[in-house]
Trainee: 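Before we start, here is the structure in question, set down as structure tokens.
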Amino acid sequence: MIFIVSRQIDLLPFKVRKAQIKDNSFVLHQMKPKFEKHKFETGSIPAPFEPLICTAGNLVQMKDLCVSFHGKPILETINWTIKKGEFWHLLGPNGSGKSTLLSLITGDNTKGYGQDLYLFGIKKGSGENIWDIKKKIGYFSTAVTDLFQKNDSVEQMVLSGFFDTIGLYTQPTISQKKIVSQWLELLHLDHLKNTPFKMLSTGQQRLALIVRAILKHPPLLILDEAVEGLDDENTAMVARLITLLSQQTNMAILYVSHRIEPNITPAAIYELTPTTKGSIGTIKKLDSV
């Protein structure tokens, strides 16, 4: 029996012989007993080109929110408030309603109408502009990777974040290009700026896409399964970037996954637990790191 995994945490306990493949060589190397975290330099997050202004103290506010589809309950009595600058982990198993909850936060889900749901201080269904809501949210999911399959360079792909487009169709300013250069230098990707984005490693793509989502320092950043499919080294790189964002910006961060990630340290967890009446949510405050 041969088990192939990306993370040492996923190794099964009864495996006896362990080996590691490096650099696509398909040569087996002895695996170290314990993974050594990559040592990152502490850098400064580049300032935004034009800061997005949000006067609401509560970015998201849900009270007794319930969602069902075709008679099947999905979410039951959800009470949750996300404030400026907070760092949350939305936790729950597959099928617990995490994606449904995210679609309510981004304004895409029509189930938010008629409920006690406020997005950036505006009640859902009170004539809000969904595009104004989306402008206040930086969003990353692994599905975004598939949208950039042309020959856009890394620099072009990241620059497109200023214009919320898939591909760069507007001439960026010198200041915008300077900010992107600062980001790429911070992440040690500056030497790859002219390389086609699709040629990067999965970990490098992940870093570049997160930067694209945060160029404008949105009030709320959603990171949906940001380390899914990554190996230990690339997971540590992404975790380091998330840590810098939480330490050096005023963005509220919502990290979404189905399990606890040791390298990522939110201030609180909102955990969804499935029941026959729909998933219920519980809040667990963590010690500040």
Side-chain angles (χ1 to χ4, degrees), residues 1-43 45 87-94 98 140-146 148 154 158 183-192 195 197-214 221-248 253-267 269 271 286-287 289:
M1 299 177 67
I2 300 175
F3 294 93
I4 302 175
V5 298
S6 298
R7 305 281 304 278
Q8 289 200 43
I9 194 175
D10 294 326
L11 288 170
L12 298 175
F14 59 79
K15 265 184 58 61
V16 177
R17 301 184 64 183
K18 302 177 183 179
Q20 184 176 16
I21 296 174
K22 298 180 180 179
D23 304 322
N24 295 324
S25 62
F26 293 97
V27 176
L28 297 180
H29 300 270
Q30 183 179 359
M31 184 177 291
K32 295 180 180 179
K34 186 176 181 181
F35 173 71
E36 295 181 2
K37 294 182 180 179
H38 184 81
K39 295 181 179 179
F40 297 92
E41 296 178 4
T42 300
I45 296 296
F87 186 4
W88 284 89
H89 180 184
L90 174 58
L91 177 67
N94 292 333
K98 297 191 299 298
F140 167 83
S141 76
T142 54
V144 178
T145 309
D146 297 331
F148 293 94
V154 175
V158 177
W183 273 110
L184 295 179
E185 183 178 353
L186 172 67
L187 301 177
H188 304 289
L189 297 177
D190 47 317
H191 64 291
L192 298 172
T195 301
F197 170 76
K198 64 183 181 181
M199 300 301 293
L200 298 186
S201 69
T202 303
Q204 292 168 336
Q205 287 182 342
R206 203 69 55 91
L207 291 174
L209 284 170
I210 293 175
V211 168
R212 179 183 178 274
I214 57 179
L221 172 63
I222 298 175
L223 300 171
D224 190 2
E225 299 287 2
V227 299
E228 180 185 9
L230 297 183
D231 59 19
D232 288 317
E233 184 175 359
N234 284 298
T235 295
M237 285 198 301
V238 173
R240 177 58 183 157
L241 174 57
I242 296 173
T243 298
L244 285 178
L245 294 174
S246 68
Q247 293 173 342
Q248 298 186 21
I253 299 175
L254 177 53
Y255 172 74
V256 186
S257 75
H258 60 280
R259 68 181 182 185
I260 299 291
E261 176 57 52
N263 296 321
I264 296 175
T265 53
I269 294 175
E271 183 171 6
L286 305 176
D287 293 333
V289 178

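Keep in mind that what you see is a predicted model, and the values were worked out from it rather than measured.
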Trainee: So, for Thr243 and Asn263, which heavy atoms are closest and what is the spacing to 0.1 Å?
Mentor: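 Looking at all heavy atoms of both residues, the closest pair is OG1-O, 4.1 Å.
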Trainee: If you look at every heavy atom in Ala226 and Val238, which pair is closest and at what distance?
Mentor: O-CG1, 4.1 Å
Trainee: Without swapping roles, check the side chain of Glu261 against the backbone of Val227 for a donor-acceptor pair under 3.5 Å.
Mentor: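 Looks like no, no N/O pair under 3.5 Å.
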Trainee: Nearest 0.5 angstrom please: Met237 CE to Ser201 OG, how far?
Mentor: 6.0 Å
Trainee: With a 4.5 Å cut-off on side-chain heavy atoms, are Pro266 and Phe87 touching?
Mentor: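 In short, these two side chains touch, coming nearer than 4.5 Å.
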Trainee: Taking the side chain as every heavy atom from C-beta outward, state whether Leu241 and Leu187 have any atom pair closer than 4.5 Å.
Mentor: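 In contact.
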Trainee: Between Phe197 and Gln205, is there a side-chain heavy-atom distance shorter than 4.5 Å?
Mentor: yes
Trainee: Taking side chain as C-beta onward, heavy atoms only, is Thr202 less than 4.5 Å from Asn234?
Mentor: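 Thr202 vs Asn234: side chains apart.
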Trainee: So, for Val154 and Ala208, which heavy atoms are closest and what is the spacing to 0.1 Å?
Mentor: CG1-CB, 4.5 Å
Trainee: Over all heavy atoms of both residues, which pair between Phe140 and Arg206 is shortest? Give the atoms and the distance, please.
Mentor: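 Nearest heavy atoms, Phe140 then Arg206: CZ-CD, 2.9 Å.
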Trainee: State, yes or no, whether a side-chain contact exists between Trp183 and Ile45 at a heavy-atom distance under 4.5 Å.
Mentor: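 Yes, at least one pair of side-chain atoms sits under 4.5 Å.
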Trainee: State which residue, out of Glu228, Glu225, Lys98, fulfils the side chain to side chain donor-acceptor pair (under 3.5 Å) condition with His258.
Mentor: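 Exactly one candidate clears the test, Glu225.
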Trainee: Nearest 0.5 Å, what's the CG-CG distance between Leu189 and Leu200?
Mentor: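 Answer for the CG-CG pair, Leu189 versus Leu200, is 7.0 Å.
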Trainee: Please name the residue in the list Ile264, Ile260, Leu223 that meets the side-chain contact (heavy atoms from CB on, under 4.5 Å) test with His89.
Mentor: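 That would be Ile260; it is the only one of Ile264, Ile260, Leu223 passing the side-chain contact (heavy atoms from CB on, under 4.5 Å) with His89.
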Trainee: Counting only N and O atoms by type, is there a donor-acceptor contact under 3.5 Å from the side chain of Gln247 to the main-chain atoms of Leu244?
Mentor: no
Trainee: Is any side-chain heavy atom of Asp224 less than 4.5 Å from a side-chain heavy atom of Tyr255?
Mentor: no
